[in-house]
Amino acid sequence: MKIAVCIKRVPDTEVRFAIGTDRKSIDPTGLKFDLSDFDGYAIEVALRLKEQQGGGEVVALSLGPDGTQEILRKALSMGIDRAVHLQADAIPFDALSIARALVPELEGQGFELILFGRNATDTGNACVGPMTAELLGMPCVTAVSHLELSEARGIAQRELEGVTETVSFPLPAVLTIDEGIARPRLPSLKGIMAAKKKPIDVRPAQLGEIRLSVQTLELPPERAGGRIVGEGPEAVPELVRLLRDEAKVL
Amino acid sequence: MASTFAFAEARGGALRKVAFEAVSTARRAADASGGGEAHALLLGPPGISTLAEQLGRYGADRVSVVEHPALEHYSPEVFAATAAAQLRAGNYRAGFFSASAQGRDLAPRAAAALGVGLAADIIAFELDEPALIARHPAYIGKAIASLRLEGSPALVSLRPGALAAAEAPRAARVEHAPPALDPAAARVVVTKVVARGAAKLDLGEAPVIVSGGRGLKGAEHFRLVEELAAAFGNAAVGATRAVTDDGWRPATDQIGQTGRLVSPQLYVAVGISGAIQHLAGMRTAKVIVAINKDRDAPIMKLADYAIVGDLFEIVPRLTEAVKQARAEG
Ligand SMILES: Cc1cc2nc3c(=O)[nH]c(=O)nc-3n(C[C@H](O)[C@H](O)[C@H](O)COP(=O)(O)OP(=O)(O)OC[C@H]3O[C@@H](n4cnc5c(N)ncnc54)[C@H](O)[C@@H]3O)c2cc1C
Ligand SMILES: Nc1ncnc2c1ncn2[C@@H]1O[C@H](COP(=O)(O)O)[C@@H](O)[C@H]1O
């Protein structure tokens with residue numbers, strides 16, 4: 001089985017986070033980058049399918065600036081067979097422009113599954129996967145939290161608000177992968193060594209028209225938080241009074 | 001003057017709260033542009049048209065109803081093709097979906113089918129011709145991006161609960177339409193929808209959420225959180241990942257970066273430290289209450305009202321006080 005996994009390089013905002021001087025992007029000083037969380041799950045799903053079926057090829061695809069090769073290398077060290085880097089100075093916020101650039105790399109290559117993360121941790125858009133599927137004219141299931149494949153079909157489960165949905169789909173298909181489906185493996189030492197010899201093809205990204213852009217980026221409005229009503233159960237009557245009379249939520 | 005479009009989400013023969021939010025938002029956007037019409041699209045099994053009237057109450061001038069026996073459940077391909085066809089035919093300035101699980105699946109497909117931009121999961125917006133400016137929490141809620149969206153129709157998906165529905169009653173014209181794709185031709189088919197906790201309020205719809213963290217020390221103590229939620233009467237129960245990872249609560253109750261993103265009127269955090277990944281899912285709540293024994297826990301800095309102390313003493317007392325306050329009206 002031939003599988004593609006689309007992965008994104010995102011800033012690790014855990015350690016530090018500041019708005020850049022352009023007020024449109026985050027301050028790159030001292031930033032580390034990593035694979036977007038959900039994309040790790042997508043890689044794991046692809047690797048397990050390959051292992052189960054005892055063969056095939058898993059290709060990782062990522063659009064981004066030069067540093068993107070580091071996350072592709074990480075994917076290769078996890079067990080991905082080869083990688084494609086679509087070079088762009090920056091990754092646009094516009095999911096449709098990203099999807100359009102991914103399409104020519106995915107079309108007509110004989111992929112039976114094309115996997116995405118549910119959403120990228122920087123944009124939080126959850127759009128690139130279903131948009132790419134629509135442009136490719138392929139069946140698509142989003143936010144897959146459980147997956148079973150038989151010959152030419154798959155059964156996926158999705159967790160929606162309060163309900164679990166079971167979906168049947170034919171292959172080839174596009175899936176976006178939710179958290180918890182399979183914990184991503186860590187690269188082994190052997191994997192890291194092997195990855196050095198695996199190929200990364202580099203091509204310029206054809207982004208096309210961009211309709212959605214970040215105009216400004218700001219920190220969320222400071223909540224007037226931090227008000228300690230009191231200590232222990234004695235503070236409860238005052239809390240209830242505030243919820244009723246001041247916040248008017250009771 | 002411009003007309004707007006809203007997708008009205010229904011499930012199990014009833015409209016969801018997010019449907020009213022989308023229609024109400026479309027109404028306001030049409031009014032703000034100088035008074036166009038707000039049109040809604042509703043798909044479902046035969047009989048679903050009886051819900052159209054409710055959409056009129058929230059400002060829909062016209063409701064297109066697509067009834068088909070095969071549309072008992074969501075059908076991504078049929079819904080997307082039909083929404084795209086309606087948007088194409090209507091010459092709309094903007095189209096509103098919900099950033100619910102269904103809307104997050106549907107809106108990007110419709111946008112790609114039309115070749116137009118989509119601002120996803122937004123919490124506020126304005127038309128600033130020739131663009132639509134939308135506010136969207138990015139970087140797991142650490143920043144708010146103002147997005148500039150060019151072109152018509154500008155598609156937007158609304159974070160549930162972020163833009164409240166307001167009544168603007170009128171008698172909506174109901175027009176029946178066929179699905180733009182024959183459901184028999186759909187490749188992706190929802191075969192089963194199973195409710196998880198019966199009759200519980202969903203996290204995305206509940207005005208109040210009471211959430212518990214590791215401070216509860218064990219699954220059995222979640223009873224305290226459930227009782228407090230029951231006292232509010234309109235509350236759902238959430239949890240942190242520490243709790244869902246340990247299996248005290250189902251993974252679907254998890255709030256945060258890798259769980260649900262919620263914007264209730266009131267969020268009560270019980271024994272939750274307030275890790276950034278958790279805050280990412282709930283920091284847009286209108287009012288936040290925290291109960292924690294650690295005065296310096298990050299959640300205490302975010303909370304509008306905090307009580308420092310042992311939750312095992314405080315929560316039962318709060319449950320009684322809330323019950324009493326509600327009894328007094
Ligand atoms: C990639 C990634 C994604 C993640 N996604 C999520 C996510 O979506 N959602 C999420 O929630 N987490 C997520 N996490 C985990 C997150 O980092 C935290 O570990 C988690 O939120 C902590 O949960 P907690 O607040 O319940 O536990 P703790 O951090 O252990 O906090 C327990 C709190 O209870 C208080 N407490 C203890 N006893 C009492 C008592 N008797 N009375 C009152 N207070 C008491 C303590 O003071 C403490 O503040 C993610 C982590 C990673 C790395
Ligand atoms: N620049 C990119 N290169 C490759 N894949 C991407 C890129 N951006 C997003 N994706 C994929 O699309 C998913 C959803 O991204 P988003 O729509 O931005 O939330 C990610 O989890 C990735 O799988």
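Only heavy atoms go into these numbers, but all of them, side chains included; no hydrogens, no water, no symmetry mates. Below, read A as the first sequence line, B as the second, and so on, with proteins coming before strands; counting in each chain starts at 1.
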Between [Y] and [X], is there a side-chain heavy-atom distance shorter than 4.5 Å?
{"X": "B/T258", "Y": "A/R118", "answer": "no"}
{"X": "B/R326", "Y": "A/R244", "answer": "no"}
{"X": "B/E150", "Y": "A/S213", "answer": "no"}
{"X": "B/V208", "Y": "A/V249", "answer": "no"}
{"X": "A/E134", "Y": "B/P108", "answer": "no"}
{"X": "B/V194", "Y": "A/V163", "answer": "no"}

[options]: which one forms the most heavy-atom pairs within less than 4.5 Å of chain A?
{"options": "B/R11, B/E77, B/K286", "result": "B/R11"}
{"options": "B/G141, B/G115, B/G151, B/A134", "result": "B/G115"}
{"options": "B/A99, B/P76, B/A111, B/S100", "result": "B/S100"}
{"options": "B/K293, B/R283, B/Q102", "result": "B/R283"}
{"options": "B/S146, B/A120, B/P160", "result": "B/S146"}
{"options": "B/R317, B/K301, B/R187, B/E320", "result": "B/R187"}

With a 4.5 angstrom heavy-atom cut-off, is it the side chain or the backbone of [X] that approaches chain A, or both, or neither?
{"X": "B/P316", "result": "neither"}
{"X": "B/L147", "result": "both"}
{"X": "B/A145", "result": "both"}
{"X": "B/D245", "result": "side chain"}
{"X": "B/Q277", "result": "side chain"}
{"X": "B/I288", "result": "both"}

Can you give me the closest heavy-atom contact between [X] and [Y], atom names plus distance?
{"X": "B/H136", "Y": "A/G124", "answer": "CE1-O, 3.8 Å"}
{"X": "A/A247", "Y": "B/V287", "answer": "CB-CG2, 3.9 Å"}
{"X": "A/C127", "Y": "B/L118", "answer": "SG-CD2, 3.6 Å"}
{"X": "A/L135", "Y": "B/A112", "answer": "CD2-O, 3.9 Å"}
{"X": "B/E313", "Y": "A/P233", "answer": "OE1-CD, 3.5 Å"}
{"X": "A/G232", "Y": "B/I307", "answer": "O-CG2, 3.6 Å"}

Per-residue contact mode, [X] against chain B (heavy atom under 4.5 angstrom):
{"X": "A/V240", "result": "side chain"}
{"X": "A/A143", "result": "neither"}
{"X": "A/P11", "result": "side chain"}
{"X": "A/I19", "result": "side chain"}
{"X": "A/L217", "result": "both"}
{"X": "A/L219", "result": "both"}

Drop me the distance from [X]'s [atom1] to [Y]'s [atom2], to the nearest 0.5 angstrom.
{"X": "A/E179", "Y": "B/Q254", "atom1": "CD", "atom2": "CD", "value": "5.5 Å"}
{"X": "A/D122", "Y": "B/I140", "atom1": "CG", "atom2": "CD1", "value": "10.0 Å"}
{"X": "A/D37", "Y": "B/Q257", "atom1": "CG", "atom2": "CD", "value": "5.0 Å"}
{"X": "B/R148", "Y": "A/I210", "atom1": "CZ", "atom2": "CD1", "value": "14.0 Å"}
{"X": "B/D105", "Y": "A/T176", "atom1": "CG", "atom2": "OG1", "value": "8.0 Å"}

- prompt: Going through the checks in order, is the salt bridge (charged side-chain N to carboxylate O under 4.0 Å, His left out) test met by A/E159 and B/R260?
  reply: CA-CA 10 Å; A/E159 303 294 344; B/R260 298 286 301 276; over 6 Å; no
- prompt: Does the B/R109 side chain pair with the main chain of A/C140, one donor and one acceptor, at a distance under 3.5 Å?
  reply: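 Yes, B/R109 side chain to A/C140 backbone: donor-acceptor pair under 3.5 Å.
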- request: Keeping the roles fixed (side chain from B/T191, backbone from A/T166), state whether a donor-acceptor pair exists under 3.5 Å.
  value: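 Side chain of B/T191 to backbone of A/T166: a pair is present.
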Greatest number of heavy atom pairs closer than 4.5 Å to chain B - which of [options]:
{"options": "A/A120, A/P220, A/P237, A/G137", "value": "A/P220"}
{"options": "A/L250, A/L243, A/L239, A/N119", "value": "A/L239"}
{"options": "A/V10, A/V141, A/V128, A/N125", "value": "A/N125"}

message: Check this for me: A/D245, atom CG, are more than 12 non-hydrogen atoms of other residues, nucleotides or ligands nearer than 6.0 Å?
response: yes
message: I'd like to know whether CZ of A/R23 has more than 12 heavy-atom contacts from other residues, nucleotides or ligands below 6.0 angstrom.
response: no
message: Evaluate A/T142 against B/R104 for side chain to side chain contact (heavy atoms under 4.5 Å, CB included), listing each step before the verdict.
response: CA-CA 9 Å; A/T142 60; B/R104 299 205 102 184; over 6 Å; no
Distance-only criterion, 3.5 Å: show the donor-acceptor pairs between side-chain atoms of residues 167-174 of chain A and protein atoms not counting sequence neighbours.
unit_1	atom_1	unit_2	atom_2	d
A/S168	OG	A/R153	NE	3.2
A/S168	OG	A/R153	NH2	3.0

field: Chi angles and distances behind the side chain to side chain contact (heavy atoms under 4.5 Å, CB included) call for A/I26, B/K142
entry: CA-CA 11 Å; A/I26 62 172; B/K142 281 193 170 183; over 6 Å; no
- prompt: Is there any residue in residues 90-108 of chain A with a non-hydrogen atom under 4.5 Å from a non-hydrogen atom of chain B, and which ones are they?
  reply: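 Residues of residues 90-108 of chain A touching chain B at under 4.5 Å: A/F93, A/L96, A/R100.
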query: Of all residues at least two apart in sequence or in a different chain, which pass the side-chain contact (heavy atoms from CB on, under 4.5 Å) check with B/P153?
result: B/L87, B/Y92, B/L114, B/V116, B/L155
query: Which pairs count as side-chain hydrogen bond (donor to acceptor under 3.5 Å, both in side chains) when at least one residue sits in residues 224-239 of chain A, sequence neighbours excluded?
result: A/R227-A/E246, A/E231-B/R295, A/E238-A/R241
